[in-house]
Amino acid sequence: MPVTVEDARAVLRANDRGGYTVPTAGLYPYQWNWDSAFSALGWMTFDEPRAWREFDRLFEGQWPDGMVPHIVFHRWNHDYFPGPDVWRTRHDPPTSGITQPAVVATAVRRCWESAADRTLADAQAAALYPKLLAWHRWWVAARDPDGTGLVAMLHPWESGMDNSPAWDEAFARVPPEPKSTIRRSDTRHVDPSMRPSEEFYKRVIALVDLYASLDWDPARLWRDTPFKIADIAINAILHRANCDLLVLAERFGRPAEQSEIAERLHLSAAALERLWSNAEGVYRPFDLISGKPIAAATSAGFLPVWAGVADAARVAAMTRTLDRWTNKLHRLVPSTCPEDPRFEPRRYWRGPVWAVVNFMIGQGFAESGGAAIAQRIKDDTAALIAGAGFCEYFDPMTGEGLGGGDFSWTAAVALAWGLLDG
Ligand code: GLC
């Protein structure tokens with residue numbers, strides 16, 4: 001099994017398409033937003049200019065209103081569905097019309113602080129700062145127009161946790177009636193039993209068709225969408241990203257920008273706190289259409305530790321939750337609670353472990369006073385990778401590697417988190 005530092009570097013090099021890293025060859029042939037943030041952290045450990053280039057290429061896709069899309073289609077590959085012809089956005093290079101969890105500012109700060117080449121790091125961070133600020137402002141303007149402190153996702157793909165059972169009920173309200181023809185190619189690359197169902201794809205594309213018909217205008221999307229959720233991962237990750245943006249603002253920004261970010265942090269910390277669930281011992285997302293919290297305990301529910309908003313009592317309660325979960329499985333952190341009837345250890349975001357999510361939860365616990373559980377999560381991640389290689393995700397019951405192979409963000413996290421020998 002490929003488990004050395006050199007093997008991890010080789011995965012990133014093999015997935016390099018000229019300044020951006022594809023998540024894996026075949027299945028995902030473009031630049032993905034949050035994948036790139038993690039890939040950059042991996043590159044940073046052995047090739048600093050290449051790490052910075054990853055961000056530059058991602059921001060080639062940034063829209064005039066600040067949105068950073070979840071996919072940048074630098075070079076059209078007809079093997080991937082849905083491609084630019086389905087998204088029908090107006091950007092050059094072509095992009096999707098939705099976004100993904102905002103890990104980038106956190107990655108930029110980490111690269112900036114750890115870089116050996118200070119001149120390059122200062123120049124890059126200074127150039128990236130206004131772009132990051134524009135994106136974070138877009139989140140507030142487009143996705144929290146009422147100023148609640150929580151931003152909403154309008155498509156399950158925006159969560160990065162595409163097929164989570166947390167979206168089932170809300171997504172069932174989306175009529176499975178796409179206008180575009182569905183030409184899936186994912187099931188040619190990966191066993192269909194690990195991928196989302198046909199019904200799921202119909203709804204996914206029905207939403208894309210609706211938003212394209214609204215010309216991707218954020219105000220019209222906000223008004224007309226049948227799917228609007230305040231997700232924990234998106235909000236916790238954005239909160240942390242704003243903490244990191246504030247550090248960059250102190251060096252590269254104006255005082256008014258610093259106050260703007262600090263005020264937002266104040267609001268989002270209080271709003272995240274409202275999502276805590278005593279019954280489940282994790283944070284829960286909130287369905288903004290039904291007006292109710294979503295009863296689903298998933299790995300996203302622990303991410304407030306990454307945001308730094310969980311106090312000692314919350315950290316202790318979440319540790320107890322994970323201790324309970326470990327009785328049912330071999331490796332942490334499953335994407336869905338193993339006691340949930342919807343738990344499926346091999347299917348996309350309904351049970352398997354993702355190394356990037358473990359990285360955020362593990363680091364978050366380590367920084368929030370949960371050293372023992374942090375170490376357990378880190379050790380489990382290292383053991384999964386040692387046993388199965390740099391797979392897309394892992395079965396929490398058996399440790400088997402699943403999905404795409406030679407995956408960039410798994411290799412990158414192994415490098416950035418120091419999980420490998422040699
Ligand atoms: C899948 C994942 C998403 C990721 C993408 C590329 O769609 O659910 O989080 O960004 O693959 O790896």
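Only heavy atoms go into these numbers, but all of them, side chains included; no hydrogens, no water, no symmetry mates. Ligands are counted one by one from 1 in listed order, and the atoms in each one are counted from 1 as well.
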Practice task
Would you sort out whether Glu280 and Arg284 count as a salt bridge (charged side-chain N to carboxylate O under 4.0 Å, His left out), showing the intermediate values?
Solution key: CA-CA 9 Å; Glu280 271 140 339; Arg284 293 195 301 196; 3.1 Å; yes

Exercise for the section: For Pro23, take its heavy atoms, then give the atoms of ligand 1 lying under 4.0 Å from any of them. Expected result: 6 (C), 12 (O)

Exercise for the section: Could you tell me whether ligand 1 has any atom less than 4.0 Å away from a heavy atom of Trp157? Expected result: no

Exercise for the section: Could you tell me if the ring centre of Tyr30 sits under 6.0 Å from that of Phe73? Expected result: yes

Exercise for the section: To the nearest 0.5 Å, tell me how far Trp87 CH2 sits from Asp209 CG. Expected result: 10.0 Å

Exercise for the section: Consider every N or O of Gln100 and every N or O of ligand 1, then say whether any pair is closer than 3.5 Å. Expected result: yes

Handout entry: Evaluation steps, salt bridge (charged side-chain N to carboxylate O under 4.0 Å, His left out), between Glu367 and Arg240
Key = CA-CA 12 Å; Glu367 292 161 6; Arg240 173 160 189 153; 2.9 Å; yes

Fill in the blank from the handout: ligand 1 atoms nearer than 4.0 angstrom to some heavy atom of Gly160 are 2 (C), 3 (C), 8 (O), 9 (O)

Exercise for the section: List every atom of ligand 1 that sits less than 4.0 Å from any heavy atom of Phe407, numbering the atoms from 1 in the order shown and giving each element. Expected result: 12 (O)

Handout entry: Aromatic contact, Trp52 with Trp43 (centres under 6.0 Å)
Key = no

Problem - ligand 1 versus Tyr348: contacting region, heavy-atom distance under 4.0 Å - result: side chain

Practice task
Considering only non-hydrogen protein atoms, determine which one is nearest to atom 4 (C) of ligand 1 and report residue, atom name and distance to 0.1 Å.
Solution key: Asp35 OD1, 3.5 Å

Handout entry: Asp162, any N or O under 3.5 Å of ligand 1 N or O
Key = yes

Practice task
Mark yes when over 12 heavy atoms from residues, nucleotides or ligands other than Glu169 sit less than 6.0 Å from its CD; otherwise mark no.
Solution key: no

Fill in the blank from the handout: Quick note on ligand 1: atoms under 4.0 Å from a heavy atom of Trp34 include exactly 3 (C), 4 (C), 9 (O), 10 (O)

Exercise for the section: Measure centre to centre between the rings of Trp63 and Trp138, then say whether the value is under 6.0 Å. Expected result: no

